[in-house]
Amino acid sequence: MRKNDIIECRIESIAFGGKGVAKYASFVIFVKNALPGQVLKVRIQKLKKNYAEAVIYELLEQSPEYIDPPCPYFYDCGGCTLQHTPYQNQLAVKKQQIAEVFRQLGQFENLAIEAPLASPEIWAYRNKMEFSASDERWILQSNDNASDPHFAIGLHPPGRFDKVVDIEQCLLQDEERNKLLLLIRDYFREKNISLYNPRKHRGFLRNVVIRKGVRSDELMVNLVTFEKRPELLSELVREMIQQFPTIVSVINTITSSWGMSVHGEEELTLFGEKLIHDQIGKLHYEIAPAAFFQTNTLGAELLYETIASFANLKGSETVWDFYTGTGSIALYLAPFAKELIGFEVHSEAIKNAKFNAELNKITNCQFIEANLDSFLQKEQEIISSLPQPDLAVVDPPRSGLNPKFIRQLIKLRVPRLIYVSCNPATMARDIRILVDNGYNLSHLQPVDMFPHTWHIETVTALTL
């Protein structure tokens, strides 16, 4: 087998990450946008020692699980991977992927996994969308009628940081925000204002970030630019607030970095305040431009309710919340426990957590700035001064638990653990270690907060 070879294969399953899995003799081939049951001719794009990556060259036989994806950009955009199969099948695929990951990486055979909890909304569920701007437009695989190859505001195709799929709407945000996106796109095109080129590191507009408070209906627009030239945006701001009265905040973030982050060196408030409001359950939040907030508000309520159900608190417990971030889980559990202590390395997140506690008049939470890679080992004096936990919640980044932290967590011998993760692979690895050191995995509940993508949250409960 060589690069650019065209071979025939049948897709057997979908791998974690969203690609179809086929076998050619005993060699594994991952095929973008492929579904189980499809018979395809595929073109090899990448050839590795143990596997190959390919794209569809010709469809020979269609899968019974296939539906026409409603988004016209599906086969080009990197945002969604599963729009071409019904939502209930997406949930089944995600359950199967979790089982396979836990089997391969955690050596868990015949693991009891609950059916994934469906997102309350499967379209327009995102409260925040980040669109990229580029003067290098991605040419669509089919029906590309755009005339300007040097204008694109939209989303990146998979694996490409330099090109952008120019889109007129995204089905993951609501109609109001899609109309707002169109207004912004038309403005920059008509005014001929330059768009950013990441290879040449030049161009004015870099990103358009639109956030919505689902419970408040408030809109925030953050225009991320390469340089500080607010005069180029003044007319756009007037048009936006005139046509969209729900806009309460317009921000201009300036960043000259080579990186792709929407965070910058300076933030200008072009209209209104630097925040919008939203609510998860009974908790109220003020959301700043750079603040973390769950992107699926209704899905977050489902996730936190699942955590609360697993916690099964009676009111007398002390809970430690590791990787607490802005304190969302700790604050959600606060009414049901005696005391909660959140640990987080980022000082800005700790400030946000304390502010959120004050905003919601919650007095039984404290938040400690702590590098969890070493805190449990080096800060024994602080640890011994705290009330010991009856329950610990861990919600680490995608990379999972640091080996030093997990060793110290095992030494704590917390009677009950709840592990929350958006990455089943690192979760399976970490839970294997916990189980090998005396814990029993009692519950595993996937919660789908990201319909049409391969991402999924998983909540697990462990007991000594």
Side-chain angles (χ1 to χ4, degrees), residues 73 76-79 126 128-140 144 146-157 160-170 172-173 176-212 219-244 247-272 274 276 288-291:
Y73 312 106
D76 295 277
C77 174
R126 289 189 64 97
K128 176 187 177 184
M129 288 293 300
E130 295 181 5
F131 299 102
S132 297
S134 176
D135 65 358
E136 293 190 14
R137 180 175 65 83
W138 176 261
I139 306 301
L140 301 180
D144 192 314
S147 58
D148 188 352
H150 302 296
F151 182 95
I153 297 178
L155 299 168
H156 291 275
R160 295 299 297 263
F161 76 95
D162 55 335
K163 291 184 179 290
V164 169
V165 179
D166 187 41
I167 70 172
E168 294 186 355
Q169 65 169 340
C170 176
L172 301 189
Q173 69 175 7
E176 179 186 34
R177 282 174 286 163
N178 279 322
K179 290 179 179 178
L180 176 56
L181 176 64
L182 276 176
L183 171 65
I184 295 169
R185 291 175 72 257
D186 290 346
Y187 177 85
F188 281 96
R189 181 188 284 113
E190 292 168 5
K191 299 295 183 183
N192 199 28
I193 299 173
S194 63
L195 306 185
Y196 183 66
N197 185 308
R199 291 189 183 276
K200 299 175 181 177
H201 197 47
R202 68 186 186 197
F204 180 68
L205 182 68
R206 299 184 63 147
N207 299 91
V208 176
V209 185
I210 305 177
R211 302 185 81 150
K212 181 172 184 175
L219 290 179
M220 172 189 286
V221 180
N222 186 1
L223 302 167
V224 183
T225 60
F226 181 67
E227 55 187 333
K228 184 177 179 179
R229 295 187 63 189
E231 70 277 5
L232 293 179
L233 305 173
S234 56
E235 184 179 341
L236 173 61
V237 173
R238 288 195 297 271
E239 290 183 19
M240 287 194 299
I241 61 179
Q242 181 179 1
Q243 296 187 36
F244 296 89
I247 293 177
V248 299
S249 177
V250 181
I251 306 297
N252 175 204
T253 297
I254 299 99
T255 175
S256 59
S257 72
W258 280 85
M260 304 301 287
S261 172
V262 299
H263 305 310
E265 300 97 40
E266 187 176 0
E267 285 181 356
L268 304 178
T269 303
L270 304 182
F271 173 76
K274 265 192 177 179
I276 57 173

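These values consider heavy atoms only, across backbone and side chains, with no hydrogens, waters or symmetry-generated copies.
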Q: Residues in side chain to side chain contact (heavy atoms under 4.5 Å, CB included) with Glu227, at least two apart?
A: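 Only Phe204, Arg229 meet the side chain to side chain contact (heavy atoms under 4.5 Å, CB included) criterion with Glu227.
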Q: Does the plane of the ring in His201 sit parallel, tilted or perpendicular to the ring in Tyr196? Use 30° and 60° as the thresholds.
A: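 Correct class here is perpendicular.
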Q: So how far is it from Ser132 OG to Ile153 CD1, rounded to the nearest 0.5 Å?
A: 10.0 Å
Q: Mind listing the closest non-hydrogen atom pair of Val224 and Val209 along with its distance?
A: CG2-CG2, 4.4 Å
Q: For Arg189, does the CZ atom sit with more than 12 other heavy atoms under 6.0 Å from it, leaving out its own atoms?
A: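 For Arg189, atom CZ is crowded (more than 12 foreign heavy atoms under 6.0 Å).
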Q: Find the distance between CG (Leu236) and CG (Leu183) and round it off to the nearest 0.5 Å.
A: 6.0 Å
Q: Which pair of non-hydrogen atoms, one from Cys170 and one from Asn178, has the smallest distance, and what is that distance?
A: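 So the two residues come closest at N-OD1, 2.8 Å.
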Q: To check you understand the geometry: which heavy-atom pair defines the closest contact between Ala288 and Arg211, and what is its length?
A: O-NH1, 3.3 Å
Q: Distance from Ile276 atom CD1 to Ile247 atom CD1, nearest 0.5 Å?
A: 11.0 Å
Q: Run Thr225 and Asn252 through side chain to side chain donor-acceptor pair (under 3.5 Å) and show every step you take.
A: CA-CA 7 Å; Thr225 60; Asn252 175 204; 3.0 Å; yes
Q: Please assess Val164 against Phe151 for the test side-chain contact (heavy atoms from CB on, under 4.5 Å), listing each intermediate value before the final yes or no.
A: CA-CA 9 Å; Val164 169; Phe151 182 95; over 6 Å; no
Q: If the condition is salt bridge (charged side-chain N to carboxylate O under 4.0 Å, His left out), which residues does Arg206 pass it with, not counting sequence neighbours?
A: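 Expected list: none.
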Q: Can Leu195 and His150 be said to form a side-chain contact (heavy atoms from CB on, under 4.5 Å), step by step?
A: CA-CA 8 Å; Leu195 306 185; His150 302 296; over 6 Å; no
Q: Roughly how far apart are Leu232 CG and Tyr187 OH, rounded to 0.5 Å?
A: 7.0 Å
Q: Please report the interatomic distance OG(Ser257) to CZ(Phe226), rounded to the nearest 0.5 Å.
A: 9.0 Å
Q: Can you tell me how far the CD atom of Glu239 sits from the CZ atom of Phe244, to the nearest 0.5 Å?
A: 10.5 Å
Q: Using the side-chain contact (heavy atoms from CB on, under 4.5 Å) rule, take Lys191 and Glu235 through it: C-alpha gap first, then chi angles, then the decisive distance, then the call.
A: CA-CA 10 Å; Lys191 299 295 183 183; Glu235 184 179 341; 3.1 Å; yes
Q: Please say whether more than 12 non-hydrogen atoms of neighbouring residues, nucleotides or ligands are located less than 6.0 Å from CD in Gln242.
A: no
Q: Taking all non-hydrogen atoms of both residues into account, name the closest pair between Gly154 and Ile167 and its distance.
A: CA-CG1, 3.8 Å
Q: Donor-acceptor pair, Thr269 side chain versus Ser249 backbone, under 3.5 Å?
A: no
Q: Minimum heavy-atom separation for Arg126 to Lys128, with atom names?
A: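 Shortest heavy-atom contact: NE-O, 3.0 Å.
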Q: Could you walk me through whether Glu176 and Leu219 pass the side-chain contact (heavy atoms from CB on, under 4.5 Å) check?
A: CA-CA 10 Å; Glu176 179 186 34; Leu219 290 179; 3.7 Å; yes
Q: Tell me the closest heavy-atom pair linking Glu267 and Thr253, and the distance in Å.
A: CG-OG1, 3.7 Å
Q: Could you check whether any side-chain N or O of Tyr73 sits under 3.5 Å from a backbone N or O of Glu168, counting only pairs where one atom can act as donor and the other as acceptor?
A: yes
Q: Might you work through the salt bridge (Lys or Arg N to Asp or Glu O under 4.0 Å) test for Arg185 and Asp166, ending with a clear yes or no?
A: CA-CA 9 Å; Arg185 291 175 72 257; Asp166 187 41; 2.6 Å; yes
